[in-house]
Amino acid sequence: MISATSLPLRVRIGQVNQRLKGWEALRWVDGAPRVTDVLRREVDRFGGIGAIYGVLRADPWSGVHWHNGIPPERSAEACAAVQEYVTRNGCGVPVLFVEEAPHGLQALGATTLPVNLALGAGMDVDLTEELAAAVGAEARARGTHVALVSGLDVLRDPRWGRAEECFSEDPALAAMLVAATVRGMQGHVAVVAKHLAAQGAGIGGRNGSGAPIGPRELGEVHLRPAFAAARAGVAGFMAAYNDIDGVPCSANRDLLTGTLREDWGWNGIVMADGTAIDRLRDSAPDPAAAAALALRAGVDLSLWDEAFTHLDQALERGLLDESDLNRAVDRVLALKHRVGLLDAAPAPVRDSASLVDRAARQAVVLVHGELPLDPAFTVALIGPNADDLDAQLGDYTAPRPADDPAASTVRSALVARLGDDRVLHAPGSRVRTALGPEALAAVESAADRADVCVLVLGGTSRRGYTDEFADNGAVEGPAADTTNGEGVDLASIALPEPQLELARTARESGKPVVAVVVDGRPRALTELAALVDVLLVVPFPGPSGGAAIVSALFDGTASGRLPASFPVADGVFPVAHDERLETARGYLDHRHPVGIPFGSGTSVAAEVREATHSICAEELAAGGSVLVSVDISDARPAAVPLYGRRHELGVRPRRRTLLAVRRVRAETTIEFELGLDELGSWATGRPVAVPVEIGIWSTGETDEPPHAVRIRVTDENGTTPWQR
């Protein structure tokens, strides 16, 4: 295999650079791919390119849409045109094609999945892996080598606009699902998991702000999903924008080298987030110094940065050793060898439609009330998200085809089921703005003529082709009704007043009221919940979400659980179910900050079977486990969680943690095998066996109940510090 030392310096610098945006390097002209002068100049400058980002990307930031983008069936041809130019006119080393795949490949005609938060609501590890495999096969068939995949971020503040990209507020659930994603997708393409680390702990929920947390919080919450990804063999990590206690992640040697490579033994590639190395200019005097900081810390490949083009200056000034550069180049070359570039035959593309539909149905969470509705009902369909496909899709989504038979809104699915004459549609408002008295009068009229009012409320990550964007693609000047996505952090997560007014109007009609909140972040729903008979929460469920919601309404199929806690009001953060126990009483005006706790939704009668569970720490560290039986006396499909509270001498416990979760579909007894991941301490970012006592239960209590069963992890004397 080719190595760094065999390449000239300028070529080596080119191999660690990923400056180009693919839509600027290649254009689709007169029905054929055409490389641009932008690509030609880059190849001439560096004798090749390490990677190109986003040849297939389509969205408002790239300006690529159905009229100017690469036809889906010719994607591989477009990538081949770029590859042929780079290898023929450069040093002969092929280029990596890197694409975004936050919830499906972000390309024209690609499969769009429910967002990660919706998969978190499903709590279905096997389905998540199947979906990832389908996306990976599709990406590889279209010429992609590396997929950038969200999943490491843990949702700790609902004000953060990127909450939808998180699987959960719970690190164990996030770890299970990100590992499943890596396993499924890497049968086809290499995965770079993002973001490392603690981006979900940013101050005030502001994107990219610092994470002022201690090492235990970092390890137990934010490194656990990354460790799971590393253990699953993930090809790469993307260093996050934020700092941790003042040290930027992209310049954090303790994190990128000490933790990842020296402690965990992982040997993949670290990529910077977009322009993150250039942003180190607040921590370094000039671009060369910023580049040296990042490369020495362990960043191997840039993304849209200029700083890495100054690596020759960093070498000349002694800011960097040539061995540092060679190490990064060899990691880039190893990734190229790993993916086989275009030598490997693309894997067959899987039929993912049924998987996507299943995931959308599992994302529907019944918070309170009784379903199904009477099939003879006439429905007053109210609210801004009732007939808006974009509001179901989430951020970073390629435009859907104009004629998409697989897509459904709540309105189109209701009309298909009940007929147009029994669906009385009155939007009433936009997401954040009122439409005026006439719109409310239409709501009143529809409610008076209907048997039930169905409100479809919430938020949207819609991006428009006339919107303004930052240099990394985040929303800079959001449209009036955009409420979610990167760059759309909110000071208030209360449901917008125009939507609450719709709920009040529906309530005044005297008809039963069902509210469906389609959103990508937890909301304060206290006032709404008091106005409605039935409350459903649906994290952005994807293009088939309308049919999934209607099935829940009329067939009673809702089977999801909340993947994050919903606060009782603004200003009570954090409210995660695994926050540490407090000695304080809470706020004077909100004694109980959690409005709707993590795990709420469709539950089944589940009881942990009483038994004596004990294992010594040495055996646990060597791979031993404890089997815990849970009896299920319910036939409904649902996710069954196993919760625990650690009793560790001298450490304030978390209120509860998720130890494991399993989906069931019938009355049965299930066995949870609890090993080092579930019973060990994550204080250092990887599981370590320590003597401890853990109370476990499967019911919905947020505090350890009296009926909790105890597990003892003992020392060599058969005791625990807690017991002594």
Side-chain angles (χ1 to χ4, degrees), residues 115-117 120-121 150-174 194-214 216-226 240-245 249 273 394-395 458-459 461 474-475 478 482-495 517 519-526 537 539-540 562-580 582 586-587 590 592-599 654-655 657-658 702:
V115 298
N116 281 353
L117 198 62
S150 301
L152 301 184
D153 300 323
V154 183
L155 202 178
R156 304 305 278 191
D157 195 319
R159 292 171 291 186
W160 188 33
R162 304 186 75 171
E164 66 192 67
E165 296 182 46
C166 306
F167 284 117
S168 177
E169 72 181 19
D170 187 278
L173 181 57
K194 58 182 189 177
H195 307 85
L196 191 72
Q199 188 167 235
I203 299 169
R206 298 191 294 275
N207 190 49
S209 60
I213 57 176
R216 181 180 290 272
E217 184 78 4
L218 176 65
E220 289 182 350
V221 175
H222 300 282
L223 290 183
R224 184 167 179 175
Y241 285 126
N242 57 280
D243 65 78
I244 300 173
D245 196 24
C249 289
D273 207 340
D395 199 9
S461 294
V475 172
T482 300
T483 59
N484 299 69
E486 185 172 5
V488 193
D489 309 320
L490 298 179
S492 170
I493 59 164
L495 203 64
V517 179
D519 213 312
R521 57 153 50 90
R523 290 277 188 179
L525 299 179
T526 306
V537 169
F540 297 137
L562 286 187
S565 302
F566 279 47
V568 71
D570 273 329
V572 299
F573 320 118
V575 296
H577 82 118
D578 60 350
E579 292 295 332
R580 298 195 186 279
E582 296 179 303
Y587 300 100
H590 290 294
H592 304 287
V594 178
I596 314 171
F598 170 94
R654 296 187 181 275
R655 188 173 295 277
T657 59
L658 182 70
T702 54

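Along the sequence shown, residues are numbered consecutively beginning with 1.
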Please name the pair of heavy atoms, one in [X] and one in [Y], separated by the smallest distance, quoted to 0.1 Å.
X: Pro522; Y: Pro567; answer: CB-CD, 4.3 Å
X: Thr526; Y: Val568; answer: OG1-O, 2.5 Å
X: Gly571; Y: Tyr587; answer: O-OH, 3.5 Å

Taking only residues two or more places apart in sequence, or in another chain, which ones meet [X] in a side chain to side chain contact (heavy atoms under 4.5 Å, CB included)?
X: Arg159; result: Asp157, Ile493, Phe573
X: Cys166; result: Asp153, Leu155, Trp160
X: Ser492; result: Ala494, Asp570

Do Asp395 and Glu486 come close enough that some side-chain heavy atom pair is under 4.5 Å?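 Result yes, sub-4.5 Å side-chain heavy-atom pair found.
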Could you tell me whether a side-chain N or O of Ser209 sits under 3.5 Å from a main-chain N or O of Ile203, the two making a donor and an acceptor?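 A pair under 3.5 Å: yes.
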Do the side chain of Asp273 and the main chain of His195 share a donor and acceptor less than 3.5 angstrom apart?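 Flag not set: sc Asp273 to bb His195 has no pair under 3.5 Å.
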Of all residues at least two apart in sequence or in a different chain, which pass the side-chain hydrogen bond (donor to acceptor under 3.5 Å, both in side chains) check with Arg206?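 Arg206 satisfies side-chain hydrogen bond (donor to acceptor under 3.5 Å, both in side chains) with no other residue.
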Which residues satisfy the salt bridge (Lys or Arg N to Asp or Glu O under 4.0 Å) test with Arg521, sequence neighbours excluded?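 Arg521: no salt bridge (Lys or Arg N to Asp or Glu O under 4.0 Å) contacts found.
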Report the C-alpha distance between Asp170 and Arg224 in whole Å, list the side-chain angles of each, state the deciding distance to 0.1 Å, and finish with yes or no for salt bridge (charged side-chain N to carboxylate O under 4.0 Å, His left out). CA-CA 10 Å; Asp170 187 278; Arg224 184 167 179 175; over 6 Å; no
Can you list the residues that meet the ring pair (Phe, Tyr, Trp, His ring centres under 6.0 Å) rule with Phe566, with sequence neighbours excluded?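 Result, ring pair (Phe, Tyr, Trp, His ring centres under 6.0 Å) vs Phe566: none returned.
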Take His222 and Ile244 through the side chain to side chain contact (heavy atoms under 4.5 Å, CB included) test and state the conclusion after the steps. CA-CA 11 Å; His222 300 282; Ile244 300 173; over 6 Å; no
